[in-house]
2 protein chains.
Amino acid sequence: MSAPEALDAAAGEVRLGMLDGVVGYLLRRAQIAVFEDFGRRFQALDLTPAQFSALVAIQENPGRRQSDIAAALGVQRPNFVALMDGLERRGLAERLRSGADRRANALALTRAGRELLDRALGAQAEQETAIRAALGGEAERRRLVETLARLSRL
Amino acid sequence: MSAPEALDAAAGEVRLGMLDGVVGYLLRRAQIAVFEDFGRRFQALDLTPAQFSALVAIQENPGRRQSDIAAALGVQRPNFVALMDGLERRGLAERLRSGADRRANALALTRAGRELLDRALGAQAEQETAIRAALGGEAERRRLVETLARLSRL
DNA sequence: GGTTTTGGTTATATTTCATAACTAAAACCG
DNA sequence: CGGTTTTAGTTATGAAATATAACCAAAACC
């Protein structure tokens with residue numbers, strides 16, 4: 001009788017088949033690549049994507065309640081606590097007392113936070129430039145931005 | 001003197017500022033939305049995105065070594081073990097002996113695995129249809145696929 | 001035939017993300 | 001007013017994804 005479970009592997013590249021036409025799969029791969037690039041660019045600033053987005057949101061909405069910022073970024077309130085702890089410990093952001101509601105934290109950037117964010121915005125602009133180059137032009141990058149915004153409302 | 005740390009929150013919506021022009025941030029949000037949609041569509045099939053992609057890769061490359069499939073999907077070999085354990089326990093895929101190399105597992109789908117994958121491909125096609133609708137047409141979806149593929153080579 | 005390398009596995013640490021429960025302060029309401 | 005309910009922030013905790021080191025058996029090397 002033939003050995004029932006023996007199979008010989010094919011040679012050459014593994015083909016992903018229809019996966020490379022699947023938006024969800026490609027989104028995951030693209031996000032990994034872009035975040036790895038982010039990691040390299042922001043290494044010197046010691047900022048994660050989450051921290052960077054928090055700094056931007058706080059600067060854009062000074063005095064807003066912590067939970068508002070967290071919700072806008074799509075992060076659970078309990079998880080945002082540690083994020084803010086880190087920013088505060090490094091002196092980049094602070095939790096002020098809200099005048100109206102003594103339970104609430106009114107978030108704001110410190111001077112050091114604004115300065116670091118300025119440098120971060122520079123690094124971010126460089127990433128967008130790299131993306132523009134990879135995609136073949138600013139028109140393509142803009143189209144991607146628009147398309148991704150639509151997708152997130154799926 | 002004025003109370004130094006009191007700040008009143010602005011009303012209205014939190015603005016994300018330049019974040020909604022940042023590809024990395026938008027990629028993250030879009031991926032979350034698409035994966036949540038995936039979760040709803042594949043709930044009945046009880047398949048995660050990782051499991052789905054593994055089934056596709058195995059069917060596309062029957063007999064290939066486990067580590068080749070894992071590498072092609074970008075998943076670490078140790079982490080692929082548990083994924084395969086799950087598929088095998090459910091009778092969807094199997095680890096056959098490689099004829100050439102007795103260390104290697106030659107992966108293959110079972111009949112049940114092929115049947116489930118058939119249904120999964122249907123659900124997947126429906127997701128692409130929904131995406132096409134959200135983006136305004138197949139041309140837009142195609143462009144997105146092409147753009148994401150470029151991004152993952154950043 | 002002994003050494004080195006490789007495929008799969010185990011164990012483990014880290015990170016991310018979600019949920020329940022607690023406190024203090026506010027809002028509500030008869 | 002005073003009691004109940006809701007809300008902001010926090011703590012504790014768990015689940016899931018991801019990465020690393022170490023091991024065994026089989027192969028490749030020389």
Side-chain angles (χ1 to χ4, degrees), chain A residues 5-9 14 24-25 27-29 31-33 35-36 38-39 46-54 58 61 63-89 93-107, chain B residues 5-9 14 27-29 31-33 35-36 38-39 46-54 58 61 63-89 93-107:
Chain A
E5 317 115 317
L7 198 57
D8 267 333
V14 171
Y25 181 75
L27 269 176
R28 181 177 101 92
R29 302 304 296 254
Q31 210 219 297
I32 290 170
F35 271 49
E36 275 173 0
F38 182 102
D46 193 26
L47 284 180
T48 66
Q51 290 172 324
F52 171 68
S53 62
I58 294 170
N61 306 274
R64 290 299 290 242
R65 282 184 288 115
Q66 185 169 315
S67 44
D68 285 354
I69 301 290
L73 293 173
V75 22
Q76 230 68 38
R77 269 98 60 173
N79 296 331
F80 197 72
V81 172
L83 211 176
M84 267 305 297
D85 286 349
L87 296 179
E88 207 169 29
R89 203 174 327 111
E94 43 190 355
R95 299 187 238 228
L96 306 175
R97 267 186 304 253
S98 167
D101 186 342
R102 262 183 305 169
R103 294 168 300 180
N105 294 335
L107 302 188
Chain B
E5 317 115 319
L7 199 56
D8 266 333
V14 172
L27 268 177
R28 183 179 99 94
R29 302 303 295 252
Q31 211 220 299
I32 290 170
F35 271 48
E36 275 172 0
F38 183 101
D46 192 28
L47 284 180
T48 65
Q51 291 173 325
F52 171 68
S53 62
I58 293 170
N61 305 273
R64 290 298 291 241
R65 282 183 286 117
Q66 184 170 315
S67 44
D68 285 353
I69 300 290
L73 293 173
V75 23
Q76 229 69 38
R77 270 97 58 162
N79 297 331
F80 197 72
V81 172
L83 211 175
M84 266 306 296
D85 286 351
L87 296 180
E88 207 170 28
R89 204 176 324 112
E94 44 190 356
R95 300 188 235 227
L96 306 175
R97 268 189 300 258
S98 167
D101 187 341
R102 262 182 305 171
R103 293 167 302 180
N105 293 335
L107 302 190

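Just so it is clear: chains get the letters A, B, ... in the order the sequence lines come, proteins before strands, and each one is counted from 1.
Between A:Ser67 and B:Gln76, it is A:Ser67 whose nearest contact on DNA chain D lies nearer the 5' terminus. Along DNA chain C, the nucleotide nearest to A:Pro78 and the one nearest to A:Arg103 differ in position, and the one closer to the 5' end is contacted by A:Pro78.
In this structure a side-chain-to-backbone donor-acceptor pair under 3.5 Å is missing from B:Gln66 to B:Arg95.
In terms of heavy-atom proximity, A:Ala72 sits nearest to B:Val14 at CB-CG1, 3.6 Å.
Residues meeting the side chain to side chain donor-acceptor pair (under 3.5 Å) test with B:Arg29, sequence neighbours left out: B:Tyr25. A search for side chain to side chain contact (heavy atoms under 4.5 Å, CB included) contacts involving A:Ala93 returns A:Ile58, A:Met84, A:Leu87, A:Leu109, not counting sequence neighbours. For A:Arg77, there are no side chain to side chain donor-acceptor pair (under 3.5 Å) partners two or more places apart in sequence or in a different chain.
Within 4.0 Å (heavy atoms only), A:Asn105 reaches sugar-phosphate atoms of the nucleic acid but no base atom. Counting any heavy atom pair closer than 4.0 Å across all strands shown, A:Gln66 reaches sugar-phosphate atoms only and no base atom.
Note that CG of A:Asn105 is 10.0 Å distant from CZ of A:Phe80, once rounded to the nearest 0.5 Å. For the atom pair OG of B:Ser98 and CZ of B:Arg65, the computed distance is 8.0 Å after rounding to the nearest 0.5 Å.
Interface limits on DNA chain C: the 5'-most and 3'-most nucleotides within less than 4.0 Å of chain B heavy atoms are C:dT6 to C:dC17. Contact footprint of chain B on DNA chain D: nucleotides with an atom under 4.0 Å from a non-hydrogen protein atom, first to last in 5' to 3' order, D:dT18 to D:dA27.
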**Request:** Starting from the C-alpha separation in whole Å, work towards a yes-or-no answer on side chain to side chain contact (heavy atoms under 4.5 Å, CB included) for B:Gln51 and B:Leu83.
**Result:** CA-CA 7 Å; B:Gln51 291 173 325; B:Leu83 211 175; 3.9 Å; yes
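Axis angle, first five pairs versus last five pairs of the helix from C:dG1-D:dC30 to C:dG30-D:dC1: 20°, rounded to 10°.
Residues B:Arg28 and B:Ile32 meet the side-chain proximity criterion, which asks for heavy atoms closer than 4.5 Å.
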